Number of protein chains: 2
Amino acid sequence: MATTAKNSKRTATRATRRQQLIDSTVKCIARKGLGSTTTGDVAREAGLSQGIINLHFKSKNNLLNETLRYLADEYKTQFTLAIERSGPLASDKLRALMALDLRPSICDRNKIAVWFAFWGEVKSRPRYREICEKYDEYYDEVTRSLCDEIIAEGGYPGVSGTAVATVLTSLTNGLWLACLVNEKTFDRKQAMNCIDEYLNCIFPKHFPVRIL
Amino acid sequence: MATTAKNSKRTATRATRRQQLIDSTVKCIARKGLGSTTTGDVAREAGLSQGIINLHFKSKNNLLNETLRYLADEYKTQFTLAIERSGPLASDKLRALMALDLRPSICDRNKIAVWFAFWGEVKSRPRYREICEKYDEYYDEVTRSLCDEIIAEGGYPGVSGTAVATVLTSLTNGLWLACLVNEKTFDRKQAMNCIDEYLNCIFPKHFPVRIL
DNA sequence: CCAAAAAATGAATGAGTATTCATTCATATT
DNA sequence: AATATGAATGAATACTCATTCATTTTTTGG
């Protein structure tokens, strides 16, 4: 009864417990930062005991790796879904991907803080890079081929799909940073405007000015 | 005699010693990450003893704050210099600022790693934000007014200087992240191409296609 | 050259933290 | 009801690290 509503059990399946601990880790990193998150914090956040992290993850390091992997997987699910649910045109899909990154559930200051916490350690912990590598390559490939498709439809001489894809990815990451840092003066709506202005500028035929 | 150059003395002025320790801190963060940098590491890097950090900075926290402040100051110096040395036109100045961010001495993986290390902790340590706030406001203001000036020179109906400035700032930060993360496949030259493509797209009259 | 001040040292301290493991306890099985 | 299983506990352990401070080294000013 003392535990969560859904299960009255005090023992959960291994998968459930692991997920619960990963969720707690994300919360702790968002609140306290990666550097100040201790295994004790995570266990307390989950309402469990000291040793639970090592029981389920062997080490704190491993917990952090698995947490990053989970975040990457979670994002990929949304990414795939966004494309599936979008219109059939390449421009529909590209716009859907951009809107995805600025959706409240993803462009959320807590979640962004966690991503940047990992990125902030990526040089000294190459494992973090390895975990995200395959995902990033996939996103780049999808974005690039959508841009190439739009360019192939004509009207954009001299525009490189690769360069546009790089700009879109980097711009999105930079706008996330702006949302993270400039909490009071910048938000995801302004960020979406920036993206739309860029799309209109680079692919005017596919992204005409939006009347407000 | 006491304050000159390399000095034969084994004790340095307070300012010299502080700077030496800040330099060591930057190196350690670049190599080991913010989370794994200890006061002992910094002292060893500087070739000095254990207690030296507390002697000169009172606390590790204070050392980190001062290190961030130094980085921010150092960047501002370059920023001001880049504008001074550029051509007289607003477009010259804007291009100079963009080139500044992708200059080898600034778009250096070690230095970028340090910036992202601090940004990765910014939500849980608001002091980091406070230290950079005034600088960032100044850069935004300068960039925005340069864009406004270019727009005022005519030919860009419906373009917002504020939005372009935000895109440029965010794009630069995102490109830094790309340089940090994708060490093998991305570099500052590709980043500069992205910036130039964007400038050409948004302000074609001021930034015509560059023949290579 | 000497005494006082300042700078630097580095061993000692103690707070904090990841990890271990003997034990408890809920549940499933017989 | 008795037994087995393995999830969970939490006190104990081993270790790291920021900070302190008594002592040594160096500089300064008379």
Side-chain angles (χ1 to χ4, degrees), chain A residues 1-25 28-29 31-67 117 121 124-125 127, chain B residues 1-25 27-29 31-68 117 121 124-125 127:
Chain A
M1 198 65 65
T3 54
T4 46
K6 45 192 73 171
N7 56 359
S8 54
K9 295 185 173 191
R10 279 182 57 187
T11 67
T13 64
R14 250 192 123 63
T16 306
R17 201 55 97 205
R18 279 173 66 97
Q19 190 54 52
Q20 179 189 6
L21 290 169
I22 285 173
D23 292 343
S24 297
T25 306
C28 286
I29 295 174
R31 179 167 7 100
K32 314 190 50 176
L34 187 46
S36 307
T37 292
T38 69
T39 52
D41 292 330
V42 175
R44 197 173 324 110
E45 174 71 39
L48 295 166
S49 64
Q50 277 282 11
I52 200 74
I53 299 297
N54 293 89
L55 178 66
H56 285 277
F57 290 92
K58 196 187 80 129
S59 73
K60 181 187 179 183
N61 233 310
N62 192 232
L63 169 70
L64 295 177
N65 289 340
E66 292 304 309
T67 299
E121 297 271 290
S124 49
R125 299 188 180 247
R127 190 86 256 271
Chain B
M1 192 73 64
T3 56
T4 43
K6 305 292 139 70
N7 76 34
S8 51
K9 300 184 169 193
R10 283 184 51 191
T11 67
T13 65
R14 255 194 118 63
T16 306
R17 200 55 99 206
R18 280 174 64 98
Q19 190 54 52
Q20 179 188 7
L21 291 169
I22 285 173
D23 292 343
S24 298
T25 306
K27 278 186 199 142
C28 286
I29 295 174
R31 178 165 8 100
K32 313 189 52 175
L34 187 46
S36 306
T37 292
T38 70
T39 53
D41 292 330
V42 175
R44 198 172 324 114
E45 175 72 38
L48 295 166
S49 64
Q50 277 282 10
I52 199 75
I53 299 297
N54 294 89
L55 179 66
H56 285 276
F57 289 93
K58 198 188 78 131
S59 73
K60 181 188 180 184
N61 232 310
N62 193 231
L63 169 69
L64 295 177
N65 290 341
E66 292 305 309
T67 299
L68 180 55
E121 297 272 287
S124 50
R125 300 189 178 242
R127 190 86 256 271

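This is a predicted model, so every value here is computed, not measured. A note on names: the letters A, B, ... follow the listed sequences, proteins ahead of strands, and every chain is numbered from 1.
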Measure from [atom1] on [X] to [atom2] on [N] and round the result to the nearest Å.
{"X": "B:Ile53", "N": "C:dA7", "atom1": "CD1", "atom2": "P", "value": "16 Å"}
{"X": "B:Arg44", "N": "C:dT9", "atom1": "CZ", "atom2": "P", "value": "14 Å"}
{"X": "A:Arg18", "N": "D:dA8", "atom1": "CZ", "atom2": "C1'", "value": "16 Å"}
{"X": "B:Asn54", "N": "C:dA7", "atom1": "CG", "atom2": "P", "value": "16 Å"}

### Summary
Taken to the nearest 0.5 Å, the spacing of A:Gln20 CD from A:Thr25 OG1 works out to 10.5 Å
### Query
Rounded to the nearest 0.5 Å, how far does OG1 of B:Thr37 lie from NZ of B:Lys27?
13.0 Å
### Query
If only side-chain N and O atoms of B:Arg17 are considered, is one of them under 4.0 Å from the OP1 or OP2 phosphate oxygen of C:dA7?
no
### Task
Would you confirm whether B:Asp41, through its side chain, and B:Thr38, through its main-chain N or O, come within 3.5 Å as a donor-acceptor pair?
yes
Between N or O atoms, less than 3.5 Å apart, protein on one side and nucleotides 10-14 of chain D on the other: list the pairs.
| unit_1 | atom_1 | unit_2 | atom_2 | d |
| --- | --- | --- | --- | --- |
| D:dG10 | N7 | A:Gly51 | N | 3.4 |

### Message
How close do A:Glu121 and B:Leu34 get, counting heavy atoms only, and between which atoms?
### Response
OE2-N, 3.4 Å
Mind listing the side-chain donor-acceptor pairs of residues 43-59 of chain A below 3.5 Å, one per line with the distance, residues two or more places apart or on another chain?
| unit_1 | atom_1 | unit_2 | atom_2 | d |
| --- | --- | --- | --- | --- |
| A:Glu45 | OE1 | A:Arg31 | NH2 | 2.4 |
| A:Asn54 | ND2 | A:Lys58 | O | 2.9 |
| A:Ser59 | OG | A:Asn62 | N | 3.1 |

### Query
Counting any heavy atom closer than 4.0 Å, what does B:Thr39 reach on the DNA or RNA strands: base, sugar-phosphate only, or nothing?
base
### Query
Given B:Leu64 and B:Ile29, is the side-chain contact (heavy atoms from CB on, under 4.5 Å) satisfied, shown in steps?
CA-CA 10 Å; B:Leu64 295 177; B:Ile29 295 174; 4.2 Å; yes
### Query
What residues in residues 55-66 of chain B put a non-hydrogen atom under 4.0 Å from any atom of DNA chain D?
B:Ser59, B:Lys60
### Task
Indicate yes or no: at least one non-hydrogen side-chain atom of A:Glu66 is less than 4.5 angstrom from one of A:Leu21.
no
### Query
Do B:Arg125 and B:Asn61 have side chains that get closer than 4.5 Å, going by heavy atoms?
yes
